[in-house]
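Labels below follow one simple rule: chain letters A, B, ... track the order of the sequence lines, proteins then strands, and each chain is numbered from 1.
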Number of protein chains: 2
Amino acid sequence: MKQLPETASVNAQVLASLRAAVITGELAPGSLHSVQNLATQLGVSRTPVREALIKLAQQGMVRFERNRGVRILLTSLHDLEEVFALRLLLEPPAVRRAVTRLDGNQKRELRRMFAHMEKAAKADDEFTMFEHDRRFHRVLLEAAGNARLAAFVDGLRDMVLRRGVSTARESRSLDDIVAEHRAILDLIEAGDAEGAAKAMREHVRHTAELLIAQEAGADLGPGLAAVDIDLDWTLAARDQD
Amino acid sequence: MKQLPETASVNAQVLASLRAAVITGELAPGSLHSVQNLATQLGVSRTPVREALIKLAQQGMVRFERNRGVRILLTSLHDLEEVFALRLLLEPPAVRRAVTRLDGNQKRELRRMFAHMEKAAKADDEFTMFEHDRRFHRVLLEAAGNARLAAFVDGLRDMVLRRGVSTARESRSLDDIVAEHRAILDLIEAGDAEGAAKAMREHVRHTAELLIAQEAGADLGPGLAAVDIDLDWTLAARDQD
DNA sequence: GGGGCGAGAGTGGCATGCGACACGTCACCG
DNA sequence: CGGTGACGTGTCGCATGCCACTCTCGCCCC
């Protein structure tokens, strides 16, 4: 486990370390760990570790088991289904709204994130790629003006990352991902809120299908994944005035 | 062997107490409190109190201020806007999906909650009314099969409760609220997913408008509230295949 | 009399002490 | 030989100790 050198609050450092360790799989899904042990490895006392774990537990990444330890929860197929159903409900409307609200700084930041993604894709740097992917989405969500939405969706991504980072390459090239984001960015720049929302919708939907199909394949053995999960609750007729 | 009392963990009890205290206004919005003080009042040590407050802080109800105390956050107009924008995005699709997935127990529970609401409305029992209102919505959200969605929306309600419980009576009678839920329930029983979703949408929208108008009135002084907030991000043209 | 300052009280954050409980081990009994 | 129960180890949950920092208020110097 990585030791953080900097001088932010101990709690925040521990939280970041633990979150990273869970995401990268350094703390294996399903495994059990003691607070004391984690604290020793991080070079701090049990208290900040416990407090950070409480936050992760609220997010659903770990679970306390009394007198046994802390269980690292695994991301099931159903978890992926839940996460992407929510992202499909929230991100397209958020983008639609963000288009009319983005200020200069945010647009610049968006372009910057996209440029970093392109560069990382060229360099085949998966980690940097997903890092900026996340920040790209976060800028958009924040621009929608709803902090709770932004925080919630950002938290949802954690559940996917530890499945996604290591495996996305198998089914979709980094260039494809960049292309989907380019489409979104172009439509935003053109002021086409509706188009951008639709592009985001397709992007999330595409990502969901790939990850879920792949995950189902991993669970059931290779080559026979025939799952068809109804992710998209918005497909029914419109409930509008 | 059964353990009837099933004494919940101290932490859970403290969490419930603090949440209730914040919602009822016993801990006034904007006020500052020390962990030590709260712990003494609850008859426990600082640790479980601090841990419960950390959870409330993650939910946005309180904020730690180093070396000063714990601030009880107030629900601003913008907070209400955020909460209801999210509920409008999430609850109608959840209901649409729930209609086709409700099992017998859940339908029975739904009818039971509604009956309690009717009874509480007749008895003019505001508190019981809102209690069952919340559980009515929760049953529906859980029936949609997405635990994250249910937990998230349920958490959002906390932000509204402390404004809503004490003030809803001024603008809308309990009977009106019951009527809106009756409409939803009837359409669910009839298997009309689309109609139920629309009814839920109108219900949430109606609630939002009343609460926000009233809150704006309270902020700006009585009689001149002329706010028009764009809650409804779904009103734009449909992003569909 | 006015202004600056310093000492004290109070606080959150981190470290540590302590008790009750879960689980694996192993000796002992049937 | 198989089952069983007591013990030891390890763990969380809760209580408490300690420290650096903030804020207040009264005192002292000018």
Side-chain angles (χ1 to χ4, degrees), chain A residues 1-19 21-22 26-73, chain B residues 1-22 26-74:
Chain A
M1 193 161 321
K2 197 186 331 184
Q3 304 245 356
L4 290 184
E6 288 312 321
T7 58
S9 94
V10 176
N11 195 311
Q13 291 182 31
V14 170
L15 181 61
S17 293
L18 290 177
R19 167 171 280 134
V22 171
E26 189 176 336
L27 296 177
S31 61
L32 208 52
H33 304 266
S34 78
V35 174
Q36 175 66 68
N37 207 339
L38 295 172
T40 303
Q41 291 184 40
L42 291 168
V44 298
S45 82
R46 306 185 320 245
T47 305
V49 175
R50 176 171 169 83
E51 292 179 356
L53 286 171
I54 286 175
K55 294 177 183 173
L56 293 180
Q58 276 222 315
Q59 197 185 332
M61 293 182 72
V62 304
R63 181 183 59 204
F64 279 92
E65 299 186 3
R66 179 164 182 130
N67 297 332
R68 289 179 45 83
V70 178
R71 175 86 57 191
I72 311 299
L73 297 179
Chain B
M1 61 177 79
K2 54 183 176 180
Q3 304 206 356
L4 272 183
E6 188 55 43
T7 63
S9 79
V10 176
N11 195 311
Q13 292 181 26
V14 169
L15 180 61
S17 294
L18 290 176
R19 167 171 282 134
V22 171
E26 188 176 333
L27 296 177
S31 61
L32 209 53
H33 304 266
S34 77
V35 174
Q36 176 68 70
N37 210 335
L38 294 172
T40 303
Q41 291 183 35
L42 291 170
V44 298
S45 83
R46 302 176 327 227
T47 306
V49 175
R50 177 171 169 82
E51 292 180 356
L53 287 170
I54 287 175
K55 293 178 183 173
L56 293 180
Q58 276 222 317
Q59 196 185 333
M61 293 182 73
V62 304
R63 182 183 58 203
F64 279 92
E65 299 186 5
R66 182 169 182 125
N67 297 331
R68 289 180 46 85
V70 178
R71 175 86 59 191
I72 311 298
L73 296 179
L74 52 83

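Taking atom CG of B:Leu38 as the reference point, atom P of C:dG10 lies 16 Å away to the nearest angstrom. Rounded to an integer number of Å, the gap from A:Asn37 CG to D:dT9 P is 18 Å. Between the CZ atom of B:Arg63 and the P atom of C:dT11 there is a distance of 18 Å, rounded to whole Å. One atom, CD of B:Gln36, and another, C1' of D:dT16, lie 10 Å apart when rounded to the nearest Å. Rounded to whole Å, atom P of D:dG13 lies 15 Å from atom CD of B:Gln13. The CD-C1' distance, from A:Glu51 to D:dC12, rounds to 15 Å in whole Å. At whole-Å resolution of the value, CG in A:Leu32 and P in C:dA22 are 15 Å apart.
Residue pairs meeting the salt bridge (Lys or Arg N to Asp or Glu O under 4.0 Å) criterion with at least one member in residues 9-19 of chain B, sequence neighbours excluded, are B:Arg19-B:Asp158.
Here the CD1-CD1 distance, from A:Ile54 to B:Ile54, works out to 5.5 Å after rounding to the nearest 0.5 Å. Interatomic distance, B:Ser17 OG to B:Gln41 CD, rounded to the nearest 0.5 Å: 11.0 Å. To the nearest 0.5 angstrom, A:Asn67 atom CG is 12.5 Å from A:Ser34 atom OG.
Looking at residues two or more places apart in sequence or on another chain, you find a side chain to side chain contact (heavy atoms under 4.5 Å, CB included) between B:Thr40 and B:Gln36. Every residue two or more places apart in sequence or in another chain that forms a side chain to side chain contact (heavy atoms under 4.5 Å, CB included) with B:Val35 is listed here: B:Arg46, B:Val49, B:Arg50, B:Leu53, B:Phe64, B:Val70.
Across the helix from C:dG1-D:dC30 to C:dG30-D:dC1, the helix axis at one end is tilted relative to the axis at the other end by 20° (nearest 10 degrees, each axis from five pairs).
The side chain of A:Val35 lies closest to D:dC12 when the candidates are C:dC14, D:dC12, D:dC14. Of the listed nucleotides (D:dT16, C:dG12, D:dG13), D:dG13 has the atom at the smallest distance from the side chain of A:Arg50. In the set C:dG12, D:dC12, C:dT16, D:dC12 carries the atom at the smallest distance from any side-chain atom of A:Phe64.
Annotation: side chain of A:Val14 is not in contact with side chain of A:Leu38 (no heavy-atom distance under 4.5 Å). A:Leu42 is listed as a side-chain neighbour of A:Leu18, based on a closest heavy-atom distance under 4.5 Å. Side chains of B:Asn11 and B:Lys55 form a contact here, defined as non-hydrogen atoms less than 4.5 Å apart.
The side chain of B:Thr47 places no N or O atom within less than 4.0 Å of a non-bridging phosphate oxygen (OP1 or OP2) of D:dC14.
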Which atom pairs link the protein and nucleotides 5-7 of chain C when you take only N or O atoms and keep those under 3.5 Å?
none

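Of the possible donor and acceptor atoms, one in the side chain of A:Arg71 sits under 3.5 Å from a partner among the backbone N and O of A:Gly30.
Heavy-atom neighbours of B:Glu26 CD from other residues, nucleotides or ligands within 6.0 Å: at or below the threshold of 12.
The heavy-atom pair separating B:Val22 from B:Leu27 by the smallest distance is CG2-CD1, 4.0 Å.
Counting any heavy atom pair closer than 4.0 Å across all strands shown, B:Ser34 reaches sugar-phosphate atoms only and no base atom.
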Tell me, for nucleotides 17-26 of chain D in 5' to 3' order, what letter each nucleotide earns: B for a base near a protein heavy atom under 4.0 Å, S for only sugar-phosphate near one, - for neither?
B--BBSS---

